[in-house]
Colleague: 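Sharing a structure with you now.
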2 protein chains.
Amino acid sequence: MAIDVRTICLGLLSLGPATGYEIKKNFEEGPIGYFLEASFGAIYPALGRLTDEGLIECRIEAQDGKPDRKVYSLTDRGRAAFADALRVDPGPDRFRSEFLFLLLFAEHMPPDHLAHLIDERLRDYRARLKELERAPCRPGSLGIEFMRGHGIAVYRAIIQYLESNRHVLETRADRSVPAHAAE
Amino acid sequence: MAIDVRTICLGLLSLGPATGYEIKKNFEEGPIGYFLEASFGAIYPALGRLTDEGLIECRIEAQDGKPDRKVYSLTDRGRAAFADALRVDPGPDRFRSEFLFLLLFAEHMPPDHLAHLIDERLRDYRARLKELERAPCRPGSLGIEFMRGHGIAVYRAIIQYLESNRHVLETRADRSVPAHAAE
DNA sequence: AGAAACATGTAATCGGTTACATGATTAT
DNA sequence: ATAATCATGTAACCGATTACATGTTTCT
């Protein structure tokens with residue numbers, strides 16, 4: 001078994017007690033979402049199983065209106081289990097991009113659509129970069145800072161590459177319907 | 001429906017006829033595997049469905065010993081369907097890394113294990129980079145070249161980041177059992 | 001002798017996404 | 001008013017991975 005949502009929850013809880021909702025936030029804000037993701041539909045059941053197995057325990061905080069907060073924290077057995085999980089050798093890093101898949105066929109796209117596609121992706125990456133770059137008020141752990149730097153380095157590389165090489169695809173798209181051939 | 005294996009097969013077949021085996025090779029060699037992946041268990045059924053739907057067709061080449069080669073190619077309807085699929089807006093690019101997840105807990109790792117982890121990952125990235133860098137004999141399509149450049153840019157950024165920042169995690173790992181505290 | 005490449009396929013299993021269900025409070 | 005944030009959970013569905021099944025040829 002590789003690194004699934006259960007292990008991720010275990011890991012994040014080893015950094016401190018948290019609710020399912022807070023765990024989810026980790027993937028949406030901050031550098032962790034740069035290389036990990038999990039949905040509520042995966043997190044809540046994982047937390048349930050982990051509790052059944054005695055690897056985490058849960059303190060319930062009543063709230064008015066909202067559902068009770070369930071703050072989970074690692075048990076000793078959970079700590080041990082996680083120390084164990086830390087020894088697995090990590091699978092390969094993977095970059096997945098539907099965007100690049102589409103660009104594979106840039107030549108068969110209307111030039112304006114192609115340009116729009118690249119513009120949007122660039123906007124997206126610039127936003128992600130800015131998000132990572134704005135330093136956290138309270139600097140997180142060493143690990144988190146390292147992830148942040150990693151993300152920044154990669155996003156910068158991608159933005160730079162896109163900016164300086166888009167013309168390769170775009171001039172070709174023009175040439176596929178060259179002006180002098182439309183006569 | 002986003003970009004699933006069926007669409008990927010359709011796209012790769014739009015570049016020329018191929019067998020399931022050849023489609024799979026695309027993900028293992030060459031720049032396409034940099035941002036896409038699919039297993040035989042996904043490709044063969046996808047090819048079957050696509051054939052049933054009349055989007056691709058199959059020419060069977062008998063062979064001795066080996067199973068027959070089934071060379072698939074797009075039909076006109078398939079070409080139209082793919083042109084359609086090209087219009088969807090691509091989901092976000094995602095980078096997933098179990099490796100970075102582990103590094104999140106670098107402080108709780110034996111220093112030699114941490115160093116080994118990073119060494120291995122660096123080796124892996126250098127190999128991938130070399131693989132991308134060795135220019136294809138027959139330069140592929142513009143699109144492929146673009147992907148190649150993208151991968152090279154990203155891998156270089158990651159390697160450089162890892163090389164120049166690993167000490168941040170590693171000196172800390174040392175300090176967790178500092179020499180002067182062991183007295 | 002053994003591994004790797006060539007070549008296609010099936011089936012069990014599974015992890016996870018998406019959508020649904022509920023509902024108060026606070027910010028725009 | 002409307003959207004967003006807070007807060008937890010269930011269930012259907014699904015795509016895909018993994019392992020299995022089979023067998024030859026060629027490279028090391």
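Convention: sequence-line order gives letters A, B, ...; per-chain numbering from 1.
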Colleague: Would you mind telling me which of dA7(D), dT18(D), dT17(C) lies closest to the side-chain atoms of S39(B)?
Modeller: dT18(D)

Colleague: Provide, to the nearest angstrom, the distance between the CZ atom belonging to R6(A) and the P atom belonging to dG15(C).
Modeller: 9 Å

Colleague: Can you tell me if R148(A) uses its side chain to pair, donor with acceptor, with the backbone of E133(A) under 3.5 Å?
Modeller: yes

Colleague: Please state how far atom CZ in R96(A) lies from atom C1' in dT17(C), giving the value in whole angstrom units.
Modeller: 18 Å

Colleague: Please give, in whole Å, the distance from dT17(C) C1' to D4(B) CG?
Modeller: 14 Å

Colleague: Specify the separation, in whole Å, of atom CD1 of I23(A) and atom C1' of dT5(D).
Modeller: 18 Å

Colleague: Which one, dA7(D), dG15(D), dG9(C), comes nearest to the side chain of R69(A)?
Modeller: dA7(D)

Colleague: State, to 0.1 Å, how close F95(A) and L100(A) come at their nearest heavy-atom pair, and which atoms those are.
Modeller: CE2-CD1, 3.9 Å

Colleague: Nearest whole angstrom, please: distance from the P of dA7(C) to the CG of L47(B).
Modeller: 14 Å

Colleague: Dump the intermediate steps for salt bridge (charged side-chain N to carboxylate O under 4.0 Å, His left out) on R166(A) and E170(A), then the final yes or no.
Modeller: CA-CA 6 Å; R166(A) 57 183 298 174; E170(A) 290 184 312; 3.0 Å; yes

Colleague: On DNA chain C, nearest-nucleotide positions of K70(B) versus K25(B): which is more 5'?
Modeller: K25(B)

Colleague: Using atom OH of Y21(B) as one end and atom C1' of dA5(C) as the other, report the distance to the nearest whole Å.
Modeller: 5 Å

Colleague: Is the backbone of E53(A) close enough, under 3.5 Å, to the side chain of R77(A) for a donor and an acceptor to pair up by distance?
Modeller: yes

Colleague: Picking from dT10(C), dA16(D), dT10(D), which would you name as closest to the side chain of P45(A)?
Modeller: dT10(D)

Colleague: Assuming nearest nucleotide by heavy-atom distance, tell me which of D68(A) and A42(A) is located more 5' along DNA chain D.
Modeller: D68(A)

Colleague: Answer yes or no: is there an ion pair linking R128(A) with D124(A), defined by an N-O contact shorter than 4.0 Å?
Modeller: yes

Colleague: Nearest whole angstrom, please: distance from the P of dT17(C) to the CD1 of I3(B).
Modeller: 18 Å

Colleague: In terms of side-chain heavy atoms of Y44(B), which of dA16(D), dT8(C), dG15(C) is nearest?
Modeller: dT8(C)

Colleague: Relative to the 5' end of DNA chain C, which residue comes earlier, E22(B) or G41(B), by the nucleotide with the nearest heavy atom?
Modeller: E22(B)

